[in-house]
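Keep in mind that this is a model prediction, so the values were computed, not measured.
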Amino acid sequence: MLAEGRVGVVDVLRRGLQAAGLRHRVLSDNISNADTPGFKRSDVRFSEALKEAVAARQGVTMVTTSVMHLQGQAGRLGQVRAVVVPGGATSQRPDGNNVDIEREMAELTKNTLFFDALSQQIHKKMSLLRTAVNEGRR
């Protein structure tokens with residue numbers, strides 16, 4: 001666990017995995033309600049919030065406990081959360097439903113690829129840490 005204000009790569013990857021899981025549930029809900037009259041699709045906002053937090057890193061000083069630590073910026077990365085956003089009131093169907101099943105399936109595939117990429121990155125990071133711990137004793 002990192003101290004407040006310090007956000008590591010693993011924490012950002014973990015938040016990305018949580019966001020992908022939430023997005024998968026929201027997209028699945030959209031697909032399961034594709035034939036429900038009046039249903040409005042939802043989506044998850046995460047990558048935009050992450051980009052904003054990275055852009056806002058300017059001006060926030062990172063806390064260091066040693067002169068050997070790199071000086072840097074923490075920003076608001078620790079505050080980034082995935083948020084479910086409603087898709088609006090638009091509809092081209094007479095029943096008021098705005099779910100396009102082809103779009104939802106494409107978004108689901110894209111989200112799966114995003115989840116897989118994050119999983120591979122966190123696996124590599126953990127393997128590197130495991131190697132450092134195990135090989136450090138030799």
Side-chain angles (χ1 to χ4, degrees):
M1 184 64 120
L2 296 170
E4 187 67 32
R6 294 181 179 206
V7 179
V9 172
V10 173
D11 192 42
V12 172
L13 292 171
R14 181 183 58 84
R15 289 169 198 251
L17 287 172
Q18 290 172 339
L22 176 62
R23 190 157 197 249
H24 185 85
R25 289 190 296 277
V26 168
L27 292 171
S28 297
D29 187 52
N30 291 344
I31 291 169
S32 65
N33 286 292
D35 293 328
T36 304
F39 180 83
K40 303 298 181 197
R41 72 176 302 275
S42 297
D43 205 347
V44 172
R45 184 177 184 266
F46 176 73
S47 61
E48 298 86 0
L50 184 62
K51 287 177 187 173
E52 290 171 9
V54 169
R57 289 174 60 167
Q58 307 299 325
V60 178
T61 304
M62 211 176 208
V63 176
T64 58
T65 57
S66 169
V67 293
M68 299 295 287
H69 290 163
L70 295 174
Q71 299 296 316
Q73 311 274 317
R76 300 181 316 188
L77 287 174
Q79 302 169 358
V80 174
R81 302 281 185 272
V83 178
V84 177
V85 291
T90 60
S91 178
Q92 296 179 352
R93 293 173 33 180
D95 65 355
N97 187 314
N98 69 352
V99 176
D100 177 0
I101 194 73
E102 291 179 11
R103 176 182 176 197
E104 300 301 324
M105 295 302 289
E107 292 294 327
L108 196 61
T109 301
K110 192 166 76 175
N111 191 57
T112 300
L113 293 173
F114 178 68
F115 185 89
D116 289 347
L118 291 178
S119 297
Q120 289 176 8
Q121 288 298 314
I122 204 163
H123 177 75
K124 287 180 182 176
K125 187 74 176 172
M126 291 296 131
S127 294
L128 184 63
L129 291 173
R130 189 176 305 115
T131 300
V133 168
N134 291 335
E135 298 298 321
R137 288 188 249 160
R138 294 183 186 183

Closest non-hydrogen atom pair, Ile31 against Met105: CD1-SD, 3.5 Å
Between Lys110 and Glu107, is there a salt bridge with N-O shorter than 4.0 Å? yes
Side-chain contact test, heavy atoms from C-beta onward, threshold under 4.5 Å: evaluate it for Asn30 versus Phe39 and give yes or no. yes
Could you tell me which non-hydrogen atom of Val26 sits nearest to which non-hydrogen atom of Ser42, and how far apart they are? CG1-O, 3.4 Å
Can you see which heavy atom on Phe46 is nearest to which on Ala19, and at what distance? CG-CB, 3.4 Å
Taking side chain as C-beta onward, heavy atoms only, is Phe114 less than 4.5 Å from Asn111? yes
Side-chain contact test, heavy atoms from C-beta onward, threshold under 4.5 Å: evaluate it for Arg41 versus Asn33 and give yes or no. no
Run the side-chain contact (heavy atoms from CB on, under 4.5 Å) check on Asp11 and Arg15 step by step: do they pass? CA-CA 6 Å; Asp11 192 42; Arg15 289 169 198 251; 3.0 Å; yes
Between Arg81 and Ala49, what is the shortest heavy-atom contact and its length? O-CB, 4.5 Å
Ignoring hydrogens, what is the shortest heavy-atom contact between Arg45 and Val85? Give both atom names and the distance. CB-CG1, 4.2 Å
dist Leu17:CG -> Asp116:CG (nearest 0.5 Å) comes out at 10.0 Å
Any His24 side-chain heavy atom under 4.5 Å of Leu108 side chain: yes
Are more than 12 heavy atoms, taken from residues, nucleotides or ligands other than Met126, located less than 6.0 Å from that residue's CE atom? yes
Using the rule that two of Ile, Leu, Val, Met, Phe, Trp, Tyr join whenever any of their side-chain heavy atoms come within less than 4.5 Å, decide whether Val12 and Val80 are in one cluster. yes
Spatial distance of atom CZ (Arg25) from atom CG (Asp29) [nearest 0.5 Å]: 11.0 Å
